[in-house]
Amino acid sequence: DAGVIQSPRHEVTEMGQEVTLRCKPISGHNSLFWYRQTMMRGLELLIYFNNNVPIDDSGMPEDRFSAKMPNASFSTLKIQPSEPRDSAVYFCASSLGAANTEAFFGQGTRLTVV
Amino acid sequence: GQSLEQPSEVTAVEGAIVQINCTYQTSGFYGLSWYQQHDGGAPTFLSYNALDGLEETGRFSSFLSRSDSYGYLLLQELQMKDSASYFCAVRDHGGATNKLIFGTGTLLAVQP
């Protein structure tokens, strides 16, 4: 398996634009996580899916952020409209089982909003 | 709420031993995990403790005390390549969410 695949690896966009980040989890994994990492706030959990269903979105910072998982092999995180403070590295991770703490991370998307 | 606290930075020399502590507060708890992240890379899984005691994996060991809500990662025979950030993590099943949350991270600098 190729591991968790995220795209794009880098994204530079202007304030106000819509940004869509994509993730393909490891085949067979039923838990998917979106994280945001910054120097100030560390690795924050944004949203967690189990069996394609959003279980906990309490970490989504505001209504500008939305996430979907239409099927077991694809998820998106959308920011609309984007703001400079959204600049961060966004990671997607997947794991097998509801209690498994071994999560596999993608290489991340480095987002810069100017 | 949930929180996992770690020291922000640790510095050590090659060949030495270093311990990175983690204290946690969660509403539900299965076990404690550790992840390593090199600068610019993705976090990678190192170890997991579900029960009290020490788990050893090569140069790395991890310890858990559930009664103290405390654990640590022990790195022996430090090498320059061990310079990275280290995170503790828990699968918090309080409220039946089972979300995976991470500590604040410890930046380890290994010096020659």
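Everything numeric here is computed off the predicted structure, so don't read it as measured data. Proteins get letters first, then strands, A, B, ... in listed order; numbering begins at 1 in each.
With a threshold of 4.5 angstrom between heavy atoms, L45(A) approaches chain B through side-chain atoms but not through N, CA, C or O. Heavy-atom distances place the side chain of Y35(A), and not its backbone, under 4.5 Å from chain B.
Under the 4.5 Å side-chain contact rule for hydrophobic residues, F60(B) and F63(B) do not share a cluster. L46(B) and Y72(B) sit in two unconnected hydrophobic clusters of ILVMFWY residues. Membership requires side-chain heavy atoms under 4.5 Å apart, directly or through other members. Put simply, L73(B) and V110(B) are part of the same group of oily side chains (I, L, V, M, F, W, Y) that touch within less than 4.5 Å, one to the next.
Distance CZ/R41(A) to OG1/T104(B): 13.5 Å, rounded to 0.5 Å. The distance from the CG atom of L4(B) to the CG atom of L43(A) is 11.5 Å, given to the nearest 0.5 Å. Taking NZ from K99(B) and CD1 from I47(A), the interatomic distance works out to 11.5 Å, rounded to the nearest 0.5 Å.
For E83(A), the CD atom sits in a packed shell: over 12 heavy atoms of surrounding residues, nucleotides or ligands are nearer than 6.0 Å. The 12-atom threshold is not exceeded at CG of D39(B), counting heavy atoms of other residues, nucleotides or ligands nearer than 6.0 Å. Counting non-hydrogen atoms of other residues, nucleotides and ligands closer than 6.0 Å to CD of E14(A) gives a total of 12 or fewer.
Inter-residue side-chain proximity for F102(B) and Q37(A) is flagged as unmet; no heavy-atom pair is nearer than 4.5 Å.
Closest non-hydrogen pair, A42(B) versus F105(A), comes out as CB-CB, 3.9 Å. Taking all atoms of both residues into account, the shortest heavy-atom contact from G41(B) to F91(A) is O-CZ, 3.5 Å. Of all non-hydrogen atoms in Y35(B) and A103(A), the two that sit nearest each other are OH-N, 2.7 Å.
The salt bridge (charged side-chain N to carboxylate O under 4.0 Å, His left out) test applied to K68(A) returns no partner, not counting sequence neighbours.
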